[in-house]
Protein chains: 2
Amino acid sequence: MRKLTSTNYYNQTFLEEKCTLNELINLLSKRWLTEVMFSIEEGNNRFSTLKEDLKHISDNILADRLKLLEQHKLIIRNDNFREVPSRVEYTLSETGSKLSELLDGLCHFSETEMEFPE
Amino acid sequence: MRKLTSTNYYNQTFLEEKCTLNELINLLSKRWLTEVMFSIEEGNNRFSTLKEDLKHISDNILADRLKLLEQHKLIIRNDNFREVPSRVEYTLSETGSKLSELLDGLCHFSETEMEFPE
DNA sequence: TGTTAAGCTCATTTATATAGGAGCTACTCA
DNA sequence: TGAGTAGCTCCTATATAAATGAGCTTAACA
């Protein structure tokens with residue numbers, strides 16, 4: 001239910017069309033999203049273990065981020081378990097692994113070169 | 001005038017303290033910020049030329065992004081011109097150039113590997 | 001005396017993102 | 001019959017970000 005006639009929306013799409021980097025950054029800037037990726041990479045592959053690992057995340061945000069990551073094919077969702085209570089497992093895709101590597105580079109940069117004023 | 005007692009604030013600082021990558025991504029996700037950097041890199045070094053280049057940006061946002069970039073030492077502000085009307089020039093710092101290169105990598109990735117559903 | 005220019009600042013309005021909490025499903029076990 | 005579990009969804013409230021528009025400064029020039 002996003003308002004499609006606002007300048008806010010117009011400018012965002014303008015920038016996303018100018019360069020997909022903006023689209024990627026918008027995705028990455030969703031709170032917890034990269035942490036969810038990294039946590040899956042480390043082996044926390046279920047909703048409940050992710051929730052436990054990322055202490056302060058709330059259910060609906062975790063669900064949303066998992067959905068976003070899946071839609072962008074950065075993770076793979078596997079629900080062929082036919083168990084009750086239901087069981088779903090997530091793994092990183094190849095694209096997800098590549099992105100994770102790139103982010104490691106950015107992380108190193110931010111730790112060694114950036115200055116963040118208080 | 002940010003509210004320091006909200007869960008929203010608490011979670012953001014939690015993530016920023018966990019890894020400075022989150023701090024960097026938060027910065028980069030401010031709308032227009034990377035575009036301002038790239039535009040300066042391309043030689044648009046004054047407030048007015050930046051404004052012209054980034055057609056839809058508004059004054060206060062441009063001013064804010066320039067201030068953020070300067071505070072993080074990604075650009076350098078030079079106002080030793082003593083002219084009227086006032087003249088200020090911006091250039092990319094070394095750190096800014098490095099970041100720009102890293103972002104080129106991310107940009108290439110997002111263009112070749114990412115899928116953005118409509 | 002009034003206008004113009006660049007490079008801003010500030011207050012307010014509007015839009016969007018995040019968080020909180022209830023509820024749903026379908027099956028199992030006590 | 002009723003409780004419990006995983007993995008969600010939906011609605012609402014709260015917080016934050018972006019945009020709009022007015023105004024400020026200093027000096028030169030008409």
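A, B, ... follow the sequence lines: proteins, then strands. Residue 1 opens every chain.
Listed by residue number, B:K30 are the residues of residues 14-30 of chain B with a heavy-atom contact under 4.0 Å to DNA chain D. Near DNA chain C, meaning a heavy atom under 4.0 Å away, the residues from residues 48-72 of chain B are B:S48, B:D59, B:N60, B:A63, B:K67.
Taking atom CE of residue B:M1 and atom P of nucleotide D:dT14, one finds them 20 Å apart after rounding to whole Å. Rounded to an integer number of Å, the gap from CG of B:N45 to C1' of C:dG7 is 14 Å. In this structure, A:R31 atom CZ and C:dG20 atom C1' are separated by 15 Å, rounded to whole Å. Atom C1' of nucleotide D:dA15 and atom CG of B:N8 are separated by 6 Å, given to the nearest angstrom. Rounded to whole Å, atom C1' of C:dT14 lies 13 Å from atom CZ of A:R2. Across the protein-nucleic acid pair, A:N44 atom CG and D:dG7 atom C1' stand 16 Å apart, rounded to whole Å. A straight line from OH of B:Y10 to C1' of D:dT14 spans 19 Å, rounded to a whole angstrom. Following rounding to the nearest Å, B:R46 (CZ) and C:dA6 (C1') show an atom-to-atom distance of 7 Å.
With 3.5 Å as the limit, one finds a donor-acceptor pair spanning the side chains of A:E41 and A:S100. Looking only at atom types and distance, the side chain of A:R31 has no donor-acceptor partner in the side chain of B:N26 under 3.5 Å away. At a cut-off of 3.5 Å, with distance as the only test, a side-chain donor of B:E35 or A:N22 sits close to an acceptor on the other residue.
Proximity of A:N11 to B:I57: side-chain heavy atoms (C-beta onward) are nowhere separated by under 4.5 Å. Counting heavy atoms from C-beta outward, B:L103 and B:L106 have side chains that approach closer than 4.5 Å.
Residues A:F116 and B:I76 fall into different hydrophobic clusters, defined by Ile, Leu, Val, Met, Phe, Trp and Tyr side chains chained together at heavy-atom separations under 4.5 Å.
Residues A:Q12 and A:R77 both approach DNA chain D. Their nearest nucleotides, taken by heavy-atom distance, put A:R77 toward the 5′ side. Projected onto DNA chain C by closest heavy-atom contact, B:V88 and A:W32 fall at different nucleotides, the more 5' of which corresponds to B:V88. Closest-nucleotide positions on DNA chain D for A:F47 and B:P85 were compared, and the one nearer the 5' end corresponds to A:F47.
Taking a cutoff of 4.0 Å between a charged side-chain nitrogen and a carboxylate oxygen, A:R77 and A:D79 qualify as a salt bridge. In this structure, B:R87 pairs ionically with B:E89, as a charged nitrogen and a carboxylate oxygen lie closer than 4.0 Å.
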ask   = Stepwise, does the side-chain contact (heavy atoms from CB on, under 4.5 Å) test hold for B:T95 with A:E113?
value = CA-CA 7 Å; B:T95 311; A:E113 313 263 352; 4.1 Å; yes
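Applying the 4.0 Å criterion to OP1 and OP2 of C:dT16, one finds that A:S6 has a side-chain N or O inside that range.
Among the nucleotides D:dT16, C:dT14, D:dG7, the one closest to any side-chain atom of A:K3 is C:dT14. Proximity note for A:T7 (side chain, C-beta onward) versus D:dT20, D:dA27, C:dG7: the nearest is D:dT20.
Atom NE2 of B:H108 is surrounded by 12 or fewer heavy atoms from other residues, nucleotides or ligands within 6.0 Å.
At a threshold of 4.0 angstrom between heavy atoms, the contacts of A:Y90 are confined to the sugar-phosphate backbone, with no base atom among them.
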